[in-house]
Amino acid sequence: MHDKVLLIDGNSIMNRAYYGLPLLSNSEGVYTNAVLGFLNIILKAIKDEEATHIGVAFDLKAPTFRHEKYKEYKGNRKGMPDELRMQMPIIKDVLKAMDISIFEMEGYEADDVLGTLAHQCEKIGVDTTVLSGDRDLLQLATKHIKISIPKTKKGSTTIENYFEADVLERYGVTPTEFIDLKGLMGDSSDNIPGVPGIGEKTAIKIIATYHSIEEAYRHIDQLKPPRAAKNLEEHYDLALLSKELATICVDCDVCFDKDSLKIDNIYNEATYKLFKQLEFKRLLEKFEGMEEDSYVEDLLTEHLIETKEALDQLVSQLQQVHKFAYYILTEGMDMIGISIAYNENEAYFIKCQESMDDAFCMAQLKDIFESHDLQKMTHGLKEDLHLFNRYKIEPKSIVFDTFVGAYTVNPTRDTYGIDDIANDYLKVMLPSQDELLGKGKSRISYRAIEPQQLLTYACHLSSIIYRSYDLMHAAIEEYGMHELFYNIEMPLIQVLYDMEYYGIKVDSVLLHDYADKLKVMIDLLESEIYELADETFNIKSPKQLGVILFEKLKLPVIKKTKTGYSTAAEVLEKLKGEHPIIDKISEYRQLTKLKSTYADGLFDYIGKEDSRIHSSFQQTIAATGRISSTEPNLQNIPIRMEMGREIRKVFVPEDDYIFIDADYSQIELRLLAHLAEDETLINAFNEGQDIHRLTASQVFHVPFDEVSSLERSNAKAVNFGIVYGIGAFSLSQDLHITRKEAQEYIQNYFKKYPSVKIYLDNCIRYAKNRGYSLTMLQRRRPIPELASSNFMQRSFGERVAMNTPIQGSAADVIKIAMINVSNKLKSENLRSRLILQVHDELLIEAHRDEVELVKQYLVEEMENAVQISVKMKVDVNIGMTWYDTK
DNA sequence: GGCTCCTGCAA
DNA sequence: TATTGCAGGAGCC
């Protein structure tokens with residue numbers, strides 16, 4: 001095979017890549033779009049060119065010889081955007097990992113290095129391709145040096161290729177003449193002056209005739225048009241200088257060694273790690289089969305435990321140590337085994353099998369798990385607690401959960417697998433569960449993989465937990481989150497487990513009736529809609545509905561989505577009155593939503609045994625520190641509309657029990673008052689005033705007692721907006737007023753509550769300076785968007801910086817309350833239990849004998865969760881259904 | 001079957 | 001062009 005050298009203009013291609021892709025970032029907030037685009041371009045080029053050698057040249061910041069000749073050189077060039085600049089060291093790391101040579105020369109630009117390298121290749125008879133986004137490079141084209149210029153149009157990249165002849169054909173001048181051309185016409189992007197008054201057309205004509213500036217000058221008398229001749233005569237020095245500046249140096253002092261450019265092992269371990277960190281999913285697929293050997297370098301002595309004797313021995317070893325990490329490997333209800341590590345260098349895998357089943361293994365380990373003196377670390381304690389319950393184990397001294405720990409350190413990531421932790425904290429590659437087992441249809445069981453592979457994988461699980469513990473603990477301490485993690489997040493795990501364990505009882509007959517009732521109404525609406533549309537169609541399909549409304553019925557288009565007409569509720573609202581079908585569709589939407597998501601949806605989760613729904617509560621999802629609820633989500637059960645609210649009647653306590661529901665009154669605004677130290681707000685809250693009415697009287701200049709209900713509800717929207725980081729546009733949309741009016745409301749608000757304005761500005765400034773926001777309990781949320789040069793991104797970051805301390809502090813407060821309420825109920829030996837949290841609300845299933853006591857404890861613990869300058873008011877209600885607790 | 005988009009529910 | 005979430009259905013590959 002012939003050698004083929006590919007030379008790359010690093011800055012130019014990075015620039016192309018950056019503007020060719022949307023601003024992507026990995027889950028840590030590191031921008032990656034230019035790096036990804038760059039890699040895609042060069043990998044495609046390597047393939048297309050069948051390149052055997054490769055080198056990449058970058059510009060240095062330092063001035064070049066051109067600056068010495070002409071100090072205005074590139075004087076008008078704006079620096080690259082920060083988001084791109086931040087990616088330059090990353091691409092260099094990636095190239096180093098891929099063992100691709102990087103060239104940077106003081107005093108020269110990348111062009112010069114490329115020119116020199118290309119010429120040297122040509123000298124030794126090797127074909128070369130120079131890849132650049134910059135047409136200046138065309139002067140380098142020869143019969144053996146090809147210049148490739150990628151063009152991106154509509155997502156796909158095509159490449160224009162120029163040998164010497166192609167340049168002549170396309171521009172009417174040879175590559176060498178290209179330099180003279182530029183000398184005459186100049187180049188505004190590099191700030192090369194050229195000859196004033198001579199533009200592209202004239203320059204091409206002159207050079208095509210005389211082939212160089214010098215030759216043209218020699219024939220200055222015959223030069224046409226006369227204007228150009230005059231200009232060239234006057235500015236001949238400038239023309240020569242411009243030519244010099246435009247000339248790419250082909251003999252700079254770069255060390256050329258063809259062999260060092262050889263493409264060898266670009267898909268190696270180091271590259272894999274980087275791609276993983278950068279989250280280049282598609283590029284990672286090129287590393288097929290690498291995962292298995294990828295963690296060989298993480299040396300670990302693996303012990304397989306599959307006899308009772310060996311297990312016995314392990315248990316006695318564990319009794320000698322003071323801490324260990326474990327991970328229980330399960331698959332559905334099937335326990336595969338237990339991984340244990342009690343030092344840095346080795347790990348054990350207890351494999352459950354016929355001779356030694358799960359129940360046996362767990363029974364053997366019971367004392368270990370229940371020991372107070374033996375500290376344990378795990379990953380995903382809440383799931384462990386479900387398992388321990390199955391084997392009647394009451395674990396003690398589980399001091400660290402790396403799952404919740406990793407979230408606490410950085411709550412903005414979207415996964416916190418052991419593989420992620422291995423990567424982030426230990427720089428160790430570990431396949432994720434999906435990578436090990438495959439996903440979707442092709443997923444296999446743990447029991448189906450090679451025993452040796454399973455052993456290695458399993459041993460690493462506990463070992464990673466064991467080894468990352470110190471680092472994660474240190475990070476928590478460094479960030480001042482000891483209190484948050486050890487006194488709130490860790491104890492909360494048990495509380496969430498308890499809520500999942502207890503669940504909430506549902507009257508399935510009532511739910512069924514509700515679904516039936518909805519079905520009747522939906523069927524009727526459906527036929528009415530078909531009647532009005534004069535045809536049948538899928539009303540649930542926004543696409544089909546759009547055609548009916550906006551094409552067939554010719555209703556005005558209010559809003560469009562990326563893919564077509566918007567038929568969202570706010571659009572239908574505006575079309576109300578235009579056609580009788582609109583109301584029917586709105587109602588149909590509402591009822592089908594209730595039926596599918598809530599009636600039918602919830603039905604599938606009702607336990608056959610206990611008639612209860614056991615939702616999962618997620619502690620590592622929300623970037624603000626909130627808890628979320630899934631399968632099913634019990635935090636979005638309807639309440640605003642009566643028809644939807646009815647669904648709450650199916651949530652009932654068990655016999656002899658009653659619901660007690662307590663919710664914080666205006667928790668976010670109270671926290672805002674405290675955090676902003678706003679005297680007006682603090683006093684209003686402490687005196688029990690109606691806060692929305694107060695805001696209305698302040699913002700609309702109305703006496704407090706004369707505030708109308710419309711004014712109050714508008715003020716309520718303003719208050720909400722403040723908490724979310726308001727914009728005039730959105731407020732105007734929300735209140736159906738003009739932007740100008742909305743702007744006035746906001747200005748009035750800040751005039752009346754100046755300390756709130758100062759506080760919110762400070763939130764932004766703090767987050768901009770440090771890169772993150774903090775809550776009252778030092779919960780920390782990175783906000784990389786604040787550094788963006790994109791207005792939209794940055795504005796988003798600013799709203800987040802205003803909202804996170806408020807929403808996050810509220811999350812902190814209710815978490816403390818949950819722990820204290822739960823502890824109180826347990827320490828008082830009550831049968832009543834906490835079963836649900838809805839951000840500012842706690843639902844207790846209380847025994848009827850304990851109602852008064854529980855009400856008292858509940859209010860006390862919630863109101864005193866934190867001591868701040870504003871009273872934390874709590875409203876309590878009891879009821880025989882969730883509906884009735886109002 | 002897996003994925004994205006639109007839609008809509010809660011605090 | 002308001003914050004944080006979860007989920008169902010359509011439609012596409």
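Chain A is the first sequence line, chain B the second, and so forth, proteins listed ahead of strands; every chain is numbered from 1. In this text the structure is predicted, and so the values were computed from the model without any measurement.
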So what does A:I639 touch, heavy atoms closer than 4.0 Å: a base, only the sugar-phosphate, or nothing? sugar-phosphate
Taking the six-membered ring of A:Y497 as reference, does the cationic atom of A:K382 (NZ for Lys, CZ for Arg) lie under 6.0 Å from its centre and within 45° of its axis? no
Checking all strands, does A:F796 fall into the base, sugar-phosphate, or nothing category for heavy-atom contacts under 4.0 angstrom? sugar-phosphate
Would you indicate what A:V723 reaches in the nucleic acid, counting non-hydrogen atoms under 4.0 angstrom: base, sugar-phosphate, or nothing? nothing
Select base, sugar-phosphate, or nothing to describe what A:K540 touches, counting heavy atoms under 4.0 Å on all strands. sugar-phosphate
For A:Q733, which contact category applies under a 4.0 Å heavy-atom criterion: base, sugar-phosphate, or nothing? nothing
Do A:R781's NZ or CZ and the ring of A:Y772 fall within the cation-pi criteria of under 6.0 Å and 45°? no
Between atom CD in A:Q590 and atom C1' in B:dT7, what is the gap in whole Å? 14 Å
With sequence neighbours left out, which residue pairs that include part of residues 584-604 of chain A fulfil the ring-ring contact (aromatic ring centres under 6.0 Å, His included) condition? A:H512-A:F603
Applying a 4.0 Å non-hydrogen cut-off, can you work out what A:A810 is touching in the nucleic acid: base, sugar-phosphate, or nothing? nothing
Select base, sugar-phosphate, or nothing to describe what A:R781 touches, counting heavy atoms under 4.0 Å on all strands. sugar-phosphate
Between A:K559 and A:E570 (salt bridge meaning N to carboxylate O under 4.0 Å), is one present in this structure? yes
Please state how far atom CG in A:D840 lies from atom C1' in B:dA11, giving the value in whole angstrom units. 6 Å
For A:R640 and B:dC9, is the shortest distance between a side-chain N/O and OP1 or OP2 below 4.0 Å? no
How is A:D734 classified with respect to the nucleic acid when contacts are heavy atoms under 4.0 Å: base, sugar-phosphate, or nothing? base
Which part of the nucleic acid does A:Q544 contact within heavy-atom distance under 4.0 Å: base, sugar-phosphate only, or nothing? sugar-phosphate
Within the structure shown, what part of the strands sits under 4.0 Å from A:A717 by heavy-atom distance: base, sugar-phosphate, or nothing? base
Over how many whole Å does the gap from A:E841 atom CD to B:dA10 atom C1' extend? 10 Å
For a quick check of understanding: with a heavy-atom distance under 4.0 Å over all strands, which category does A:L731 fall into, base, sugar-phosphate or nothing? base
Residues in salt bridge (Lys or Arg N to Asp or Glu O under 4.0 Å) contact with A:D523, at least two apart in sequence or another chain: A:K519
note: A:K543, atom NZ; B:dT4, atom C1'; distance rounded to Å ~ 14 Å
Counting the atoms with a prime plus P, OP1 and OP2 as sugar-phosphate, which does A:R626 contact under 4.0 Å by heavy atoms, base, sugar-phosphate, or nothing? base
5' to 3' on DNA chain C, which nucleotides open and close the contacts with chain A (atom under 4.0 Å from a heavy atom)? C:dT1 to C:dC12
Take atom NZ of A:K560 and atom P of B:dC6, then tell me their distance rounded to the nearest Å. 13 Å
Atom pair CD/CG of A:E841 and A:D661 - distance to nearest 0.5 Å: 4.0 Å
Parallel, tilted or perpendicular: which one describes the rings of A:F720 and A:H692, with boundaries at 30° and 60°? parallel
To the nearest angstrom, how far is A:L843 atom CG from B:dA11 atom P? 13 Å
Atom pair distance, as rounded to whole Å: CZ in A:F720 and C1' in B:dA11: 8 Å
Those residues of residues 561-572 of chain A lying under 4.0 Å from DNA chain B by at least one heavy atom: A:T561, A:K562, A:T563, A:S566, A:T567, A:A568, A:A569
Listing request: all ring-ring contact (aromatic ring centres under 6.0 Å, His included) pairs with a residue in residues 616-637 of chain A, at least two apart in sequence or in separate chains. none
So what does A:T592 touch, heavy atoms closer than 4.0 Å: a base, only the sugar-phosphate, or nothing? nothing
Roughly how many Å is it from CE in A:M643 to P in B:dC9, rounded to a whole number? 13 Å
With sequence neighbours left out, what residues match A:D663 under side-chain hydrogen bond (donor to acceptor under 3.5 Å, both in side chains)? none
Quick test of your reading of the model: are A:E785 and A:R799 salt-bridged, counting only N-O distances below 4.0 Å? no
Checking all strands, does A:N636 fall into the base, sugar-phosphate, or nothing category for heavy-atom contacts under 4.0 angstrom? base
Could you check if a side-chain atom of A:Y883 sits within less than 4.5 angstrom of a side-chain atom of A:F651, using non-hydrogen atoms only? no
